[in-house]
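To keep things clear, I will list the structure first and then write my remarks on it.
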Amino acid sequence: MITRILAADVPRHIGSRVRTAGWIHRRRELKSVTFLVIRDRSGLVQVVLTEPVELTEETVVQVEGMVTASEQAPGGAEITQPVITVLSEPAKAPPFDLYRPRLSATLPTILDNAPVALRHPGMRAQFAITAASVAGFRAALDAQGFTEIHTPKIVGTVTESGANVFGIDYFGRRAYLAQSPQLFKQSLVGVFERVYEVGPVFRAEPHDTTRHLAQYTSLDAELGFITDHHDVMAVLTETLRTMVSTIGERLPEVELPVVPAEIPEIHFANALALIGAQPDEPDLAPAHERSLSDWALRTHDSEFLYVTGYPMRKRPFYTHPEPGRPDHSNSFDLLFRGVELVTGGQRLHSYADYLAVLPDPEPYRSYLDAFAYGMPPHGGFALGLERWTARLVGAANIRQTTLFPRDLNRLSP
Ligand code: AMO
């Protein structure tokens, strides 16, 4: 029996009989020939028939035939004299032509039809970038002595803010969908010193924006024995470099951003002055982030910018203040192409400090145990995966780089 080869490998078998399998991507009837383009995970291959066939697009087929050189065919070869076996017949036609360079449909239509829309080669290519980014994230942190962790997504306490948390009924008790692995990753610094997690997090975002989802994938890291947040930023910069190089290795056709040798950094107070915002602004608005990114590109030739020293009053309770400037914090955001991509910083690590900042420490009792039993100075960061891919490919809306987005209005597919 001939074993199946992938569409992209067909041109390497000119003069042989091969078997391949996939979906009928496109059917073109000419006067005396019919062309079928077969799509599989590797790409496309053309099949030439001398008689018309009644097979519609998206029919799943197996094709056995002769590989013949052909200048017009994709990859320079096509399959002739085919024997076609239907493996599965579609029950209905796709709502759009998958063979066109771009899907001609609105974003809601594309998302409503995600299972078939995602089959478009351009869509699939985008999610290959996401997959390569995660592989790079893991490779970078594995190489730096981090341990991968998996923490609960059903939790009893709120970590980021009370406002955007999903409450659930947990066997009659109040529970929440985790907004972040924050408290667990900090606890586990007490075990492994350096940890990371790739996992879903949940935010009940009340606004319909182009950069917020109700569920997204958070790339989290946390490390002990730091001097301050700059040690965290150094790990993040190195990690980004490996994420970008891994995309380049796997997908040479993708245009990559340059991670500079040193990513420029600006303190929050200086950032406000630079963009002419009120000096008492507690946070950066999206327009501020865009202006700061423009500035970094203009003056430092960098698409990345660290903004450090955010005011304490807008940061979560675990945030470490800036020594000598306690209204500000040892925290940072990393802006990439005009958008906040990463948040991170140094954390409080003494038990007494946590008791002082938590008005009601009771719900956090077991988490605080980590600090009661001794924790080193530590810090970490979280990168929003869907935002990263969106910025990378220039997608205007984060939903374009999310397989099955969850938002204010969308719960299916
Ligand atoms: P933060 O809440 O800033 O920080 O989130 C970190 C990063 O996650 C992404 N992000 C989102 N992406 C899509 N939809 C959303 N609703 C959404 N909210 C946030 C952004 C953001 O920069 N525990 C801290 C991290 C830390 O300090 O380690 C945290 O979760 O890219």
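Start at 1 and go down the list; that is how both ligands and their atoms are numbered.
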Closer than 4.0 angstrom: is that true for some heavy atom of [X] and an atom of ligand 1?
X	result
Gln179	no
Gly344	yes
Ile398	yes
Trp388	no

Closest protein heavy atom (residue, atom, distance) for [atom]:
atom	value
atom 21 (C) of ligand 1	Glu340 OE2, 3.1 Å
atom 3 (O) of ligand 1	Thr343 OG1, 2.7 Å
atom 19 (C) of ligand 1	Tyr216 OH, 3.2 Å
atom 25 (C) of ligand 1	Ala382 CB, 3.5 Å
atom 29 (C) of ligand 1	Glu160 OE1, 3.6 Å
atom 20 (C) of ligand 1	Arg387 NH1, 3.4 Å
atom 14 (N) of ligand 1	Leu213 N, 2.8 Å

Run the salt-bridge test on [X] and [Y] with the 4.0 Å N-O cut-off and return the result as yes or no.
X	Y	result
Arg410	Asp112	yes
Arg211	Glu340	no
Arg337	Glu289	no
Glu386	Arg399	no

State whether a side-chain donor-acceptor pair under 3.5 Å links [X] with [Y].
X	Y	value
Glu197	His150	no
His229	Glu322	no
Ser133	Trp388	yes
His230	Glu265	yes
Ser291	His288	no
Gln186	Tyr367	yes
Thr389	Thr130	yes
Thr237	Tyr306	yes

Applying a heavy-atom cut-off of 4.0 Å, say which part of [X] lies close to ligand 1: side chain, backbone, both or neither.
X	answer
Arg203	side chain
Gln182	side chain
Val342	backbone
Phe202	neither

Flag if over 12 foreign heavy atoms under 6.0 Å of CG, Asn409:
yes
N or O contact, [X] vs ligand 1, cut-off under 3.5 Å:
X	result
Glu222	no
Asp220	no
Leu341	yes
Leu383	no

For [X], take its heavy atoms, then give the atoms of ligand 1 lying under 4.0 Å from any of them.
X	value
Tyr318	23 (N), 24 (C)
Arg211	13 (C), 14 (N)
Lys185	26 (C), 28 (O)
Phe381	28 (O)

If you draw the axis of the six-membered ring of Tyr310, does the NZ or CZ of Arg315 fall within 45° of it and under 6.0 Å from the ring centre?
yes
Among Glu386, Gln346, Arg347, whose heavy atom sits nearest atom 27 (O) of ligand 1?
Arg347
